[in-house]
Amino acid sequence: MHFHTYEEALNWIHGTLRLGIKPGLKRMELLLEKLDHPEKKNRFIHIAGTNGKGSTLTFLSSVLQEEGYRVGTFTSPYIETFNERITINSLPISDADIVQLANRIAPIVEEIAKSEFGPPSEFEIITAMMFLYFAEFEVIDFGIIEVGLGGRLDSTNVLTPILSVITTIGLDHMEFLGNTIEEIAFEKGGIIKPGIPVVTGVLQDLVIKTLAELASSRHSPFYLYKKDFSSEKIRNELLNYYDTLGELKELQLGLAGDHQIQNASVAIFALRFLHAEKWIRLSEEGLRKGLANAFWPGRMEKMTENPTIILDGAHNPEGIRALIQTLQQVNSEKIILLFSALLDKKYDEMIQEIQANVKNVEIYLTTFDFPRAMAKTDVIEVAKKHHLTPILSWKEFLKQTSSKLGKNPLYITGSLYFISEVRKYLLEKTSTL
């Protein structure tokens with residue numbers, strides 16, 4: 001097997017999507033062993049959590065770049081192009097490098113597929129490509145790696161980082177991670193390595209207890225939001241931050257939404273800790289600029305000003321609650337909300353949360369082109385159940401609605417895959433809306 005084009009390489013990678021879905025890291029470890037352990041050749045920060053992983057990663061990366069570091073990142077899913085999953089200083093990997101990496105890894109994947117462990121999955125292949133890229137193709141100072149699913153058995157959990165970060169934990173992916181918040185916390189806490197410090201923004205007592213016990217059993221220093229560090233909102237995207245090293249007043253954030261105060265605080269403590277431990281240099285100027293310049297597409301992202309159209313990938317109940325906090329502060333006669341979720345998500349709960357907590361909202365339910373998205377019949381049925389307006393073509397909805405919004409904002413939310421489609425469309429069509 002040899003790939004000549006980017007399309008060929010990508011088709012091969014995506015063609016492995018449904019393969020190798022069984023727990024365990026044996027295949028991943030074997031794959032990396034045959035690549036001479038690229039995961040051991042860089043310094044990494046490892047991030048797990050239900051929500052906030054991408055935002056916290058963005059704050060960390062933005063500040064480190066301001067300080068002159070070359071930062072590699074690994075995230076999922078992507079918003080516009082597959083290449084965004086692997087970036088260096090916010091620039092996605094090139095098509096040519098994707099082809100080279102696929103050609104390096106494909107023969108090993110074929111070999112492992114014939115073994116007792118079975119074929120590596122899509123995510124395992126992408127993870128191996130990332131480690132190899134940062135080890136041999138491009139030089140980085142630090143890698144910031146986002147867990148794909150869970151933590152303990154996630155493909156990224158083959159690395160030993162300089163710092164583990166756990167953002168928030170909620171009831172998500174329960175079919176894989178467990179039925180209780182403690183079980184899910186145990187899976188997410190699986191990224192905690194012996195002796196490696198962990199910083200977390202979790203707030204629930206049961207989750208804190210589970211993570212603290214894991215950290216203690218592994219002799220890992222444990223740092224907790226609202227205990228070892230804290231923050232307060234001054235006004236939108238502006239906060240004061242406090243820890244034992246002192247306070248920082250009026251920090252401006254580049255990401256909108258009150259929940260970003262928590263994510264930013266976790267990132268700030270992580271950076272100040274790494275500075276104190278001599279892993280990085282950190283100036284107050286670099287910290288302030290990095291936080292203010294942070295940008296993460298599809299997270300409370302204002303796409304157009306007049307009319308106001310905002311995208312937010314609130315794809316689970318925790319994300320919806322964060323969105324609700326923002327919507328409750330919107331000073332508008334009416335809020336228009338276009339929502340689409342995957343069928344395996346708790347969309348009933350998410351819709352009910354919005355209806356119960358946002359008084360002046362009009363919710364429209366739609367679908368999009370994705371294997372796990374709602375079918376049009378689902379949209380009609382769910383919309384009727386919750387007294388919503390069903391929208392069978394979100395593109396037609398945007399064309400018809402944009403000119404009628406006036407001063408009322410339109411929030412588009414739900415699945416990140418949906419947000420990705422809408423964002424691409426809006427970027428192409430903004431001038432005509």
Side-chain angles (χ1 to χ4, degrees), residues 79 172 256-257 297-430 432-433:
I79 293 295
D172 198 19
R299 272 66 168 186
M300 291 305 297
E301 180 184 7
K302 186 180 286 188
M303 298 299 295
T304 62
E305 187 73 48
N306 187 24
T308 299
I309 299 179
I310 296 169
L311 302 183
D312 188 52
H315 59 285
N316 55 30
E318 286 71 30
I320 286 293
R321 288 178 202 124
L323 173 62
I324 287 168
Q325 284 186 329
T326 299
L327 296 181
Q328 288 171 336
Q329 298 172 51
V330 174
N331 185 21
S332 176
E333 183 181 328
K334 184 168 61 175
I335 296 169
I336 311 298
L337 190 74
L338 180 63
F339 175 72
S340 188
L342 300 181
L343 273 173
D344 56 2
K345 294 291 183 176
K346 295 184 174 181
Y347 51 83
D348 285 322
E349 180 182 336
M350 291 188 266
I351 291 166
Q352 289 165 353
E353 287 262 9
I354 298 167
Q355 290 177 322
N357 294 288
V358 185
K359 294 178 182 177
N360 55 339
V361 67
E362 259 181 34
I363 306 175
Y364 295 82
L365 183 67
T366 192
T367 187
F368 63 106
D369 185 20
F370 190 75
R372 288 155 49 209
M374 289 181 175
K376 290 181 179 180
T377 51
D378 297 318
V379 169
I380 294 168
E381 183 180 326
V382 175
K384 183 178 180 180
K385 176 181 177 182
H386 294 286
H387 308 290
L388 311 179
T389 303
I391 300 295
L392 302 185
S393 170
W394 59 265
K395 289 182 182 178
E396 284 301 316
F397 174 81
L398 289 182
K399 288 175 185 175
Q400 295 171 15
T401 305
S402 297
S403 61
K404 302 174 186 175
L405 285 170
K407 293 183 179 180
N408 296 317
L410 168 61
Y411 286 81
I412 303 175
T413 191
S415 165
L416 286 171
Y417 298 100
F418 174 55
I419 295 302
S420 173
E421 277 197 21
V422 176
R423 187 175 191 274
K424 184 178 179 181
Y425 173 81
L426 287 177
L427 287 172
E428 293 171 352
K429 301 292 183 180
T430 294
T432 62
L433 288 176

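Throughout, residue positions are numbered sequentially from 1 according to the sequence presented.
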**side chain to side chain contact (heavy atoms under 4.5 Å, CB included) between V422 and L338, intermediate numbers included** = CA-CA 11 Å; V422 176; L338 180 63; 5.7 Å; no
**Item:** Geometric class of the F397/Y364 ring pair [parallel <30°, tilted 30-60°, perpendicular >60°]
**Value:** tilted
**Prompt:** Do the side chains of V358 and E353 get nearer than 4.5 Å, heavy atoms only?
**Reply:** no
**Message:** For F339 versus I320, what's the shortest heavy-atom pair and its separation?
**Reply:** CE1-CD1, 4.2 Å
**Asked** Could you state the interatomic distance from CD1 (I310) to OH (Y411), rounded to the nearest 0.5 Å?
**Response** 3.5 Å
**Prompt:** Got E362 and K334 here, is their nearest side-chain heavy-atom distance under 4.5 Å?
**Reply:** yes
**Message:** For the CZ atom of R423 and the CD atom of E428, what is their distance to the nearest 0.5 Å?
**Reply:** 11.5 Å
**N/O donor-acceptor pair under 3.5 Å between E301 side chain and G298 backbone** = yes
**Prompt:** Where do K346 and N316 land on the side chain to side chain contact (heavy atoms under 4.5 Å, CB included) test, with the steps shown first?
**Reply:** CA-CA 7 Å; K346 295 184 174 181; N316 55 30; over 6 Å; no
**Prompt:** Is there a side-chain contact between R299 and L416 (heavy atoms, below 4.5 Å)?
**Reply:** yes
**Request:** May I ask you to check whether S332 and N408 show a side-chain donor-acceptor distance below 3.5 Å?
**Result:** yes
**Request:** Indicate the ring-plane relationship of F368 and F418, choosing parallel, tilted or perpendicular according to the 30° and 60° boundaries.
**Result:** tilted
**Asked** So, the side chain of T366 versus the backbone of I391: is there a donor-acceptor pair under 3.5 Å, distance only?
**Response** yes
**Asked** Rounded to the nearest 0.5 Å, how far does CG of L343 lie from CE of M374?
**Response** 6.0 Å
**Asked** Between T401 (side chain) and L398 (backbone), is there a donor-acceptor pair under 3.5 Å?
**Response** no
**Prompt:** Are the side chains of I309 and S402 in touch, meaning some heavy atoms are under 4.5 Å apart?
**Reply:** yes
**Request:** To the nearest 0.5 angstrom, please state how far the CG atom of L365 sits from the NZ atom of K384.
**Result:** 14.5 Å
**Message:** Any heavy-atom pair between the side chains of S415 and K345 that's under 4.5 Å?
**Reply:** no
**Prompt:** So with a 6.0 Å cut-off around CD of Q329, is the heavy-atom count from everything else above 12?
**Reply:** yes
**Prompt:** About how many Å separate CG of N360 and CD of Q328, when rounded to the nearest 0.5 Å?
**Reply:** 10.0 Å
**Message:** For R321, is there any backbone N or O sitting under 3.5 Å from a side-chain donor or acceptor partner on Q325?
**Reply:** no
**Message:** What I'd like to find out is whether the side chain of D378 reaches to under 4.5 Å of the side chain of T367, using heavy atoms alone.
**Reply:** no
**Message:** Could you walk me through whether K385 and I351 satisfy the side chain to side chain contact (heavy atoms under 4.5 Å, CB included) test, starting with their C-alpha distance in whole Å, then the side-chain angles of each, then the deciding distance to 0.1 Å, before giving a yes or no?
**Reply:** CA-CA 11 Å; K385 176 181 177 182; I351 291 166; over 6 Å; no
**Message:** With heavy-atom distances below 4.5 Å as the criterion, would you say the side chains of I412 and I419 are in contact?
**Reply:** yes
**Asked** From M350 CE over to Q355 CD, what is the distance, rounded to the nearest 0.5 angstrom?
**Response** 13.0 Å
**Prompt:** Quick one: does E421's side chain have a donor or acceptor within less than 3.5 Å of a partner on F370's backbone?
**Reply:** no
**Complete:** What one should report as the nearest heavy-atom pair of T304 and K302 is O-CG, 3.4 Å
**Request:** Compare every heavy atom of E349 with every heavy atom of P317, then report the nearest pair and how far apart it is.
**Result:** CB-OE2, 3.4 Å
**Asked** How close do L342 and Y347 get, heavy atom to heavy atom, and via which atoms?
**Response** O-CD2, 3.8 Å
**Asked** Does L311 reach the side chain of L426, with side-chain heavy atoms less than 4.5 Å apart?
**Response** yes
